[in-house]
Amino acid sequence: MTEIDRDRGRYLIGAGLSALLTILAFAAVALGLSRGVALGIIGVTAVAQVIVQLRCFLHIDFSRQKREDLQLILFSLLLLAIMAGGTLWILANLAQRMM
Amino acid sequence: MRRLAVVLLVVLAAHPALAQGFLTPEGPVAAAQREHLIRVTMVTMIAVLPVLIGVPLILWRYRRGGRGAYRPGFDFSAPLEIAMWGVPAAIIVLLGTWLWQSTEALDPYEPLGTDPLQVQVIGLNWKWLFLYPDQGIASIGTLAIPAGRPVRLQLTTDTVMQSFMVPALAGQIYAMPGMVSDLNLMASRVGTLTGANTQFNGTGFAGQQVDVQVMTPDDWTAWVQGGTTAPSLDAARYARLGVAGTTAQALQALSLPDSRMHLTAPGLFASVVARYHDGAPLADRDQPGAPGFQPESTP
Amino acid sequence: MTANLHPGLNLGESHGAAHPASENRVFGFWVFLMSDLITFGILFATYAASGTPMGLAGGPGPAQLFDLTSVALQTAFLLASSLTCGMASLSMKAHAGAGRIALWLLVTALLGGGFLMLELSDFASMLAQGAGPARSGWLSGFFALVGLHGLHITAGLLWIGVLLGLLAVQGLSDRVKTRLLLFALYWHFLDLVWIGIFSIVFLRGLA
Amino acid sequence: MSGLFGHLDWTVTPFAAAIADPGTNTFVAAGAAGLVVLGAVALLGFLTWFRLWGPLWRDWLTSADHKKIGVMYCVIGIVMLARGVAEGAVMRAHQAMALNGGPLSAEHFAELFSTHGTIMILFVAAPLVIGLINIVVPLQIGARDMAFPVMNQVSLGLTAAGAALLMISLVIGRFETGGWSAYPPYTGRVFSPGEGPDYWIWSVVPAGIGSMLSGINFAVTIYKCRAPGMTYMRMPLFTWTALCAAIMLVYAMPPVTVSSLMLALDRYAGFHFFTNDLGGNMMNYANIFWMFGHPEVYILVLPAYGVWSEVSATFSAKTLYGYPSLVIATMAIAVIAFTVWLHHFFTMGQSASVNIAFGIATMIIAVPTGVKVYDWMATLWRGRIRMTVPMVYLTGFFILFVIGGLTGVILANPTIDYQVHNTLFLVAHFHNVLIPGVLFAMLAGIHYWFPKVFGFRLHETWGKRAAWLWIVGFCVTFLPLYALGLMGMPRRSSSFADPAFVPLQLVAGAGAVIILLALAATLVCYGVSIRQRGTLAVPFGDPWDGRTLEWAMPAPAPEWNFAVIPAVAARDAFWAEKTGGDPYVAPERYEDIELPRPTALGLVICVATTAAGFALTWHIWWLALSGLVGIGLAVMVRAFATQTTRVLPAAEVAVHHGRWLEAVHTARGITRDAEDSPANRGLAAPDTEVTP
Ligand code: HEA
Ligand code: HEA
Ligand code: CUA
Ligand SMILES: [Cu+2]
């Protein structure tokens with residue numbers, strides 16, 4: 001198997017997994033599962049799909065050379081969590097105290 | 001420095017204007033806030049004074065040609081590092097603890113005692129309207145409260161965002177359209193204080209002040225009584241208040257003898273808040289305080 | 001330097017000088033995407049915080065407005081386009097020639113265009129129901145978030161146009177290769193954002 | 001409503017207002033507008049008369065050289081500073097007379113503080129900081145240029161477009177009146193229907209995008225373009241602070257771009273993000289704005305801290321004390337800065353737990369900041385200190401910034417903030433950190449690196465006069481505001497009713513006069529220095545006995561910075577060579593150097609963006625569309641460019657470098673005794689032992 005074949009395989013696996021996870025998430029809603037269960041499935045499949053695509057499409061992994069990217073992404077996610085999470089916390093708290 | 005700070009505080013406190021500031025508190029909340037300010041200032045001095053004193057000394061001693069021994073390679077000292085990180089960290093731990101306690105204790109939403117006087121505050125451009133639902137009166141630009149009784153203000157605005165502040169009593173809280181925020185305060189002594197809006201809201205902003213009259217309970221009852229016989233705050237009068245203008249202009253436009261009015265609609269406050277939530281768009285002419293506002297058109 | 005060669009790309013050692021030269025650009029572009037991620041994050045948070053009765057302001061909500069089938073189709077289009085975009089990068093790595101790359105790019109553009117048409121027709125039907133961005137704070141948040149993603153897709157289509165032009169004029173030069181890499185990153189990133197959108201906006205709204 | 005000229009006609013100029021309604025107020029406005037027009041005409045005349053259009057175009061506007069771009073950033077900063085300082089002085093003069101009134105109208109005063117705040121933060125402090133980073137960082141890390149020289153030009157163009165729009169607002173129409181934070185709903189369409197907030201939006205958005213691009217550029221440059229051997233822990237501290245500031249720019253600019261554009265959607269397209277009705281939520285604006293606004297002030301102050309690190313080590317002739325601590329503290333400040341934004345709205349009504357979390361996070365920043373201050377003190381300690389101009393500023397910084405930081409810690413207590421939020425106490429706090437913290441550092445940094453860019457030193461005596469005037473003027477102007485704030489005077493007040501405020505207001509007004517003198521002294525300093533550039537010249541490039549790489553090359557620095565990329569073996573790379581070997585040896589061989597070709601891309605984007613912003617402000621849709629399409633086309637056309645670099649042959653470099661080395665070897669170095677004399681040609685001799 002050449003390097004190119006391996007790479008192509010990786011793209012195809014990524015697309016297949018992504019499709020599968022997407023179908024799972026949509027099915028959870030289409031089948032009318034209870035809201036809690038559905039949200040759980042949606043959340044898990046979304047995170048899983050992000051990881052799959054980072055791995056298979058964007059070629060991010062734990063290897064030495066990619067570590068810089070991974071660090072950048074993790075740092076960004078930290079700040080994203082602070083900003084988006086902070087916003088939700090603050091606005092929910094304000095809404096609860098003021099409406 | 002500590003002496004200087006105290007002297008400075010005393011000098012400032014003797015100043016007539018400070019009757020308005022929280023350094024001469026007229027109620028328990030402002031007193032606690034002042035206390036907190038002094039505590040924080042004093043403790044931070046531990047970290048700050050070494051700089052204020054040390055810098056001139058170092059500059060003198062180690063000036064080129066000065067007495068200090070020259071050690072060009074000096075770039076690390078473990079004890080110094082520990083002190084540099086440790087002392088500020090310890091101070092912050094202390095200050096953080098105080099911050100925690102005092103913020104919980106002084107949550108403006110917490111009533112200061114049982115049976116507080118309920119006052120509803122509506123911010124308008126550029127005046128404050130106070131409603132006393134239990135007494136059935138309203139008042140523009142004047143907040144009269146009895147000394148010694150806790151007061152619970154509930155605030156909203158019927159225009160842009162504002163911030164209601166009475167420094168000598170409790171500081172400030174934002175007021176916003178369609179929302180209700182709380183400010184609890186109490187005055188311990190009789191007197192006249194000033195309140196203001198601190199959130200810029202247009203050309204009349206600087207004049208949006210409030211007379212806070214702290215009265216004896218008897219005087220206050222009499223003041224309330226007088227209000228019930230004053231002209232009533234009906235829909236048309238309220239709509240007229242929405243036109244941007246100062247307290248004085250409003251009183252004149254409504255031809256009121258003083259700030260008081262008879263509050264006939266006890267649900268006024270709730271309806272002002274609800275106006276912004278009824279799912280219909282508000283045209284410019286229905287938005288009090290806006291340049292396009294037309295009082296006649298408001299339902 | 002070579003040990004630290006920049007990733008995310010499909011250029012191998014075989015590409016010689018193009019490889020280190022593209023390093024800074026790819027890394028810089030990653031940083032840009034992270035900045036863009038914050039932009040989307042703020043809009044996500046705004047959207048999520050506005051899904052309250054106050055934010056809905058008595059207007060229609062997710063249940064009335066969202067069409068699961070259409071969203072599923074859009075998702076399929078975008079995922080497929082991500083794959084074809086990957087195939088374009090792969091053809092470059094395999095030295096398959098400018099024509100093959102251009103073909104894959106064209107397919108990617110068609111799929112992206114299909115996505116955009118579906119999204120716009122959903123927007124149009126929402127507007128027809130009186131559920132435009134001016135109806136409520138929640139709808140403002142919806143249109144800003146989903147619309148910004150749509151704008152990114154549009155920009156991506158323009159970018160494909162430029163790439164096709166470059167391939168035609170300059171062939172597969174090193175500079176063009178780097179640009180292809182950046183485009184691939186961009187397009188995959190948009191698919192990642194879309195995962196967030198269909199999960200948080202549509203599926204959560206309909207669950 | 002919107003024909004060929006949108007909402008535009010002659011009556012929107014302040015001249016028309018001054019004719020229709022003569023008075024102090026309209027005359028001040030018309031005078032300011034007149035100054036802008038006259039200034040522009042004078043500049044055009046000057047350029048034409050001295051036939052400078054060609055050189056301006058060739059050497060500056062189309063240049064992608066990081067040093068020139070840095071200088072142009074600084075020029076924008078200084079031009080805008082003149083306006084900002086003038087507005088500050090006018091505001092202080094007005095408030096000194098504002099008992100129940102004052103000379104200016106309330107609206108005019110509101111325009112003043114809004115433009116002043118926007119200008120000072122985004123178009124003075126930020127360009128000076130970004131300009132200085134541009135000039136210094138590649139020199140310090142041994143790079144030939146920024147990682148993306150052309151994008152650097154585009155960043156400059158976007159910032160310039162924002163500044164240009166702000167200047168235009170002085171002549172055509174009115175600016176926004178809701179402060180630099182422009183809170184809706186006040187700035188929404190319903191309550192501010194005019195063009196004011198639109199001017200604000202369209203100057204802030206391009207500047208924000210430009211700064212974000214600068215951040216990317218700096219970050220990649222520092223990550224990827226360091227000379228061999230320049231490991232992270234050998235980078236000069238200014239570079240470290242620049243790196244942290246760059247990363248912050250990348251993450252802190254999106255919020256302001258987003259919040260401004262959301263405000264624009266509300267205003268132009270009837271969205272309901274921040275409106276009163278239909279589910280708008282103005283609290284979210286405050287939330288998003290300060291997600292940018294807070295990190296922004298640390299973006300400004302971190303590079304300033306970097307300047308202090310360089311200055312304190314150089315002028316005490318000593319290694320920087322506590323390098324690892326300083327690095328850790330810098331990173332800590334950069335990260336924590338993203339977790340504190342709520343302290344700008346403690347009084348919005350959220351519960352105690354939220355305020356506590358953000359209050360404590362805010363206070364924690366005092367620890368790393370304190371460490372930095374102590375580290376600089378320890379750097380001076382056991383040094384051999386020369387009281388040069390940058391050191392005078394450093395002294396002012398030590399004493400005054402600590403007070404500003406202390407009041408910051410006070411504000412971080414929600415309990416106290418309920419009292420002093422939105423009062424002059426807050427105004428005193430932020431001027432107290434911004435001026436001694438950021439602007440003193442920029443002045444010190446300019447004095448320090450000026451010879452590297454222009455080849456001659458600045459005049460020491462005038463520099464010192466200016467520095468002391470700044471320090472004294474600052475104290476007299478701003479310290480009284482603390483007291484006024486504690487007395488309860490709200491910020492942004494065009495008048496006040498309490499006579500007790502008058503004495504302190506008068507003192508502050510007098511301070512503004514001293515500040516104007518200081519500005520004048522600064523300008524005199526530059527003028528005198530330019531006239532005496534012959535005696536002040538330092539062609540050998542090392543006037544201060546410097547420690548870092550940028551001092552290892554001639555002054556002015558050549559376009560290609562380094563004849564050969566240096567190999568770095570120690571932290572104070574140049575110092576190590578000076579003490580351990582010979583820094584002035586010819587390299588074994590020279591290589592061809594690739595340099596970016598000049599391009600007009602940045603200029604085109606600048607013009608198109610200015611046009612689009614102006615057109616959007618005035619609803620001139622055809623022009624807005626043309627501007628936006630122009631930007632897009634420019635970028636696309638650029639994608640097709642192939643000849644983007646030119647090659648400087650090794651022989652040419654060898655000649656240039658060789659000539660300099662030869663001159664160095666025939667010259668005699670000076671000791672620090674002669675630092676401030678014409679004998680200082682930029683070659684340092686080992687300093688002799690001085691007896692007390
Ligand atoms: C960097 C920021 C900065 C700077 C330098 C200044 C400088 C000054 N400011 Fe500032 N000001 C703000 C930022 C700044 N301000 C902001 C953000 C606001 C809030 C706006 C709002 O409400 O929204 C504000 C508001 C504000 C107000 C309104 C207060 C109110 O709300 O009531 C006033 C009133 O007098 C004022 C006064 C002044 C004065 C007199 C100066 C100066 O004149 C002081 C002297 C200047 C310096 C000390 C600069 C340093 C000198 C140089 C850099 C030298 C030049 C260098 C070269 C030529 C190379 N400012
Ligand atoms: C360069 C700019 C700059 C800097 C560096 C700072 C630094 C700090 N600021 Fe400031 N701030 C502003 C610019 C800046 N600020 C501006 C522009 C605004 C208002 C905007 C507006 O509303 O228009 C503002 C407003 C502002 C507020 C909001 C107040 C309000 O709106 O009501 C608060 C509240 O917490 C605050 C806190 C702090 C703190 C804790 C620091 C700390 O970083 C300070 C740390 C420094 C020290 C503490 C001194 C040195 C330390 C020591 C000597 C030793 C250790 C000390 C201790 C252990 C205490 N700032
Ligand atoms: Cu303020 Cu809700
Ligand atoms: Cu802050």
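In what follows, every chain begins at residue 1, and chains take the letters A, B, ... in the order their sequences are listed.
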Is the backbone N or O of [Y] less than 3.5 Å from a side-chain atom of [X], with the two atoms forming a donor-acceptor pair by type?
X      : Y      : result
D:H343 : D:F358 : no
B:R67  : B:R61  : no
D:Q419 : B:P167 : yes
B:Q199 : D:N422 : no

- Residues in side chain to side chain donor-acceptor pair (under 3.5 Å) contact with B:R39, at least two apart in sequence or another chain: B:H36
Quick check: do [X] and [Y] have side-chain heavy atoms less than 4.5 Å from each other?
X      : Y      : result
B:L153 : B:L185 : yes
B:V166 : B:V210 : no
D:L380 : D:M391 : yes
D:S105 : B:T203 : no
B:E35  : B:P25  : no
B:N201 : B:T157 : no
D:R384 : D:R672 : no
D:F346 : D:H421 : no

Counting heavy-atom pairs closer than 4.5 Å to chain D, which one of [options] comes out on top?
options                       : value
B:G96, B:S181, B:G204, B:A83  : B:G96
B:L80, B:V55, B:V48, B:T44    : B:V55
B:G54, B:A280, B:P50          : B:A280
B:E81, B:E110, B:M165, B:Q209 : B:E81
B:G292, B:A30, B:S77          : B:S77
B:A244, B:P108, B:G279        : B:P108

Would you mind checking which part of [X] comes under 4.5 Å of any heavy atom in chain B, side chain (CB onward), backbone (N, CA, C, O), both or neither?
X      : value
D:A329 : both
D:M387 : side chain
D:A497 : side chain
D:F274 : neither
D:L406 : side chain
D:V373 : side chain
D:D417 : backbone

- Verify side-chain hydrogen bond (donor to acceptor under 3.5 Å, both in side chains) between B:Q172 and B:S163, making sure each step is shown before the conclusion. CA-CA 6 Å; B:Q172 65 194 305; B:S163 183; 2.9 Å; yes
Considering only heavy atoms, which portion of [X] lies under 4.5 Å from any heavy atom of chain D: side chain, backbone, both, or neither?
X      : value
B:A47  : both
B:D182 : neither
B:T159 : both
B:A175 : neither
B:F205 : side chain

- Message: Can you list the residues of residues 182-189 of chain D that sit under 4.5 Å from chain B, counting heavy atoms only?
- Response: D:Y183, D:P185, D:Y186, D:R189
- Which residue pairs satisfy the side chain to side chain donor-acceptor pair (under 3.5 Å) criterion with at least one member in residues 365-374 of chain D, sequence neighbours excluded? D:T330-D:K372
- Write down the atom of D:A286, the atom of D:M348, and the distance for their closest heavy-atom approach. CB-CE, 4.2 Å
- Query: Between D:F113 and D:F109, what is the ring plane arrangement, given parallel below 30°, perpendicular above 60°, and tilted in between?
  - Reply: perpendicular
- Message: Less than 3.5 Å apart, any donor N or O on the side chain of D:S316 or B:Y62 sitting next to an acceptor on the other?
- Response: no
Under 4.5 Å, counting heavy-atom pairs only, tell me which of [options] racks up the most with chain B.
options                        : value
D:N100, D:N355, D:D375         : D:D375
D:T423, D:I403, D:I399, D:L394 : D:I399
D:N276, D:I416, D:V402         : D:N276
D:L320, D:T275, D:D277         : D:D277
D:G488, D:S495, D:A317         : D:A317
D:G370, D:G405, D:S325         : D:S325

- Answer yes or no for D:R571 and D:Y323: cation-pi contact, defined as NZ/CZ to six-membered ring centre under 6.0 Å and angle to ring axis within 45°. yes
- Message: Are there residues of residues 98-107 of chain B whose heavy atoms fall under 4.5 Å of chain D's heavy atoms? If so, which?
- Response: B:L99, B:W100, B:S102, B:T103, B:E104, B:L106, B:D107
- Can you list the steps and then say if B:D75 with D:K318 is a side-chain contact (heavy atoms from CB on, under 4.5 Å)? CA-CA 8 Å; B:D75 68 352; D:K318 211 177 135 256; over 6 Å; no
